[in-house]
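Side chains are part of it too, since the values below use all heavy atoms of this structure and drop only hydrogens, waters and symmetry mates. What you see is a predicted model, and the numbers here were worked out from it, not measured in a lab.
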Amino acid sequence: MKKKKPNKLKILNDPIYGFIQIPNSLIFDIIEHPYFQRLRRITQMGFSNLVYPGANHTRFHHAIGCMHLMQKAVQVLRFKQVDISEDEENALYIAILLHDIGHGAFSHALEHSIVDGISHEEISLKFMRKLNDEFDKKLSLAITIFEGKNPRKFLYQLISSQLDIDRLDYLKRDSFYTGVTEGNISSDRLIAMMNVINDELVIEQKGIYSVEKFLIARRLMYWQVYLHKTGLVAENMLVKVLKRAKELAEKGEKLFSSTSLNYFLSTKISKTNFNDKTLEMFSKLDDYDVLLSIKEWTHHQDKVLSLLSKMIVNRKLFRIEIQNNKFDKQYISKKTHTISERFGLNKTESSFFVFSDIIINQAYNSNKPIYILNKKGKIEDIVNASDQLNLQALTNPVIKHFICYPK
């Protein structure tokens with residue numbers, strides 16, 4: 001009896017777009033790979049669920065959504081006589097599917113605590129190269145596009161630009177799961193208005209108001225969601241917990257942790273020594289490792305580690321003050337002294353409980369413009385093409401200073 005071949009042209013049901021089709025068996029096999037399945041165990045928005053309880057969606061949701069939108073974009077551009085070969089089409093699907101595969105547990109927290117000097121984009125590239133070896137070099141074109149080395153500029157812009165497929169999905173998806181309606185952009189309309197002129201991705205004149213709404217939605221989502229004061233505090237506290245755990249592990253202190261987390265806590269990892277073994281360990285590290293460890297660390301004998309862990313687990317988060325100007329050194333020193341006295345901490349320990357930093361929100365970067373194709377066939381920057389006066393203001397980065405300390 002002949003062995004039945006598995007059906008690889010599956011359909012997934014997405015709460016935002018409805019049915020999403022996996023286009024071919026190669027994409028199916030990449031999705032099935034343990035590297036990609038790990039994204040199911042990494043939340044898209046870190047600790048934002050402490051503010052918006054519905055924000056529990058994962059990087060897996062986002063990656064699949066991006067692939068779906070890319071299918072629509074290819075369809076639209078081909079309809080407008082833009083030449084996209086079958087190989088380029090497949091490469092676009094692979095590149096957008098894997099664009100976030102290098103994200104660590106709780107998304108950005110690992111980049112600032114236990115792994116130094118290497119971004120998630122660089123780790124994504126390492127994963128893609130590893131998968132390329134496993135899949136008989138079938139990812140080579142996708143890697144070239146992802147690196148921006150393909151001569152056809154618009155292919156890269158679909159993956160990474162100010163109006164890329166990544167942003168079109170995460171704004172709509174994060175808006176849906178948080179319930180913050182200001183981020184609910186019309187991704188279908190924006191994709192329908194896409195075109196390519198001289199290998200440059202452009203939006204047709206009819207789509208100008210959708211672009212304006214997209215930029216304003218992005219600005220509002222950053223203030224209301226991504227840079228929400230409570231989420232900001234929780235993420236910074238997570239970074240401090242992991243930094244403290246790494247400090248203790250490097251001194252030889254015995255800490256409860258999974259094999260993969262222990263590897264990153266006890267080893268100094270940077271761009272130079274991020275080898276195949278590190279990548280393999282990284283591929284086994286997810287939110288579950290970190291959360292379980294933090295729960296156990298609430299009982300640790302180190303006062304800093306246990307106190308911070310308890311605060312995170314029980315959602316007893318720090319107070320945060322945000323202002324336009326830098327905080328006075330004397331004010332920070334006074335806060336530090338008060339907290340040191342209250343918890344019986346020395347100078348080094350108190351730096352885990354009182355800290356200041358900045359946040360930046362720039363809705364539009366004019367160095368990488370979004371081009372509008374006007375009715376005369378010429379392209380111009382959205383800022384010049386739009387009659388919305390506040391778009392010019394969105395090009396200026398808004399910088400705010402904050403200080404955190406226990407309530």
Sequence neighbours excluded, which residues qualify as ring-ring contact (aromatic ring centres under 6.0 Å, His included) partners of H300? none

Taking ring-ring contact (aromatic ring centres under 6.0 Å, His included) as the definition, give me every residue that meets it alongside F154, ordered by chain and number, with sequence neighbours left out.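 F154 satisfies ring-ring contact (aromatic ring centres under 6.0 Å, His included) with no other residue.
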
List the atom of [X], the atom of [Y], and the distance in Å for their closest heavy-atom pair.
| X | Y | result |
| --- | --- | --- |
| D164 | L158 | CB-O, 3.5 Å |
| V51 | G231 | CG2-N, 3.6 Å |
| S283 | R38 | O-CD, 3.0 Å |
| S187 | L168 | CB-O, 4.0 Å |
| M311 | P406 | CE-CB, 4.2 Å |
| E88 | I84 | OE1-CA, 3.5 Å |

Under 3.5 Å side-chain donor-acceptor pair for [X] and [Y]:
| X | Y | value |
| --- | --- | --- |
| Y156 | S161 | no |
| H33 | E134 | yes |
| S119 | E122 | yes |
| T259 | N262 | no |
| N24 | N90 | yes |
| Y331 | E321 | yes |
| S140 | N132 | yes |
| H57 | D174 | yes |
| E204 | N195 | yes |

Take I403 and F318 through the test side-chain contact (heavy atoms from CB on, under 4.5 Å) and record every step on the way to the result. CA-CA 10 Å; I403 182 171; F318 289 176; over 6 Å; no

Give a yes or no on whether [X] atom [atom1] has more than 12 heavy-atom contacts from other residues, nucleotides or ligands under 6.0 Å away.
| X | atom1 | answer |
| --- | --- | --- |
| K254 | NZ | no |
| Q330 | CD | no |
| E200 | CD | yes |

Got a salt bridge between [X] and [Y], using NZ or NE/NH1/NH2 to carboxylate O under 4.0 Å?
| X | Y | result |
| --- | --- | --- |
| K138 | D87 | no |
| K130 | D276 | yes |
| K240 | E235 | no |
| R129 | E147 | yes |
| E253 | K251 | no |
| K243 | E247 | no |

Could you walk me through whether L238 and I294 pass the side-chain contact (heavy atoms from CB on, under 4.5 Å) check? CA-CA 9 Å; L238 175 60; I294 289 174; 3.5 Å; yes

Output, in order, the C-alpha distance, side-chain angles, deciding distance and verdict of ring-ring contact (aromatic ring centres under 6.0 Å, His included) for Y35 and F127. CA-CA 8 Å; Y35 288 171; F127 274 124; 4.9 Å; yes

Which pairs pass salt bridge (charged side-chain N to carboxylate O under 4.0 Å, His left out) with one or both residues in [range], sequence neighbours excluded?
| range | result |
| --- | --- |
| residues 299-317 | R244-D302 |
| residues 333-343 | none |
| residues 48-65 | R59-D100 |

Could you label the plane-to-plane angle of the Y170 and Y226 rings as parallel, tilted or perpendicular, counting under 30° as parallel and over 60° as perpendicular? perpendicular

Over 60° means perpendicular and under 30° means parallel, so tell me whether Y177 and H61 are parallel, tilted or perpendicular. tilted

With heavy-atom distances below 4.5 Å as the criterion, would you say the side chains of I358 and K400 are in contact? no

Would the Y17 and H68 ring centres measure less than 6.0 Å apart? yes

When the aromatic ring centroids of F36 and F60 are compared, is their separation below 6.0 Å?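 Distance test on ring centres: under 6.0 Å, yes.
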
With H62, the side chain to side chain contact (heavy atoms under 4.5 Å, CB included) member among M67, H99, H103: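 Answer to the side chain to side chain contact (heavy atoms under 4.5 Å, CB included) test with H62 among M67, H99, H103: H99.
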
Apply the test side-chain contact (heavy atoms from CB on, under 4.5 Å) to residues D169 and C66: give CA-CA distance (whole Å), side-chain angles for both, the deciding distance (0.1 Å), then the verdict. CA-CA 6 Å; D169 181 80; C66 285; 3.8 Å; yes

How would you list all residue pairs meeting side chain to side chain donor-acceptor pair (under 3.5 Å) that involve residues 208-217, not counting sequence neighbours?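 Qualifying pairs: E212-S386.
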
Using the rule given for ring-ring contact (aromatic ring centres under 6.0 Å, His included), can you reason through Y405 versus F353, listing the C-alpha separation, both sets of side-chain angles and the distance that settles it, and then say yes or no? CA-CA 6 Å; Y405 53 88; F353 291 87; over 10 Å; no

Knowing that exactly one of D287, T58, D286 qualifies, which makes a side chain to side chain donor-acceptor pair (under 3.5 Å) with T43?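 Among the candidates, only D287 passes.
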
Tell me, with the steps shown, if Y371 and Q157 meet side-chain hydrogen bond (donor to acceptor under 3.5 Å, both in side chains). CA-CA 12 Å; Y371 285 116; Q157 288 172 328; over 6 Å; no

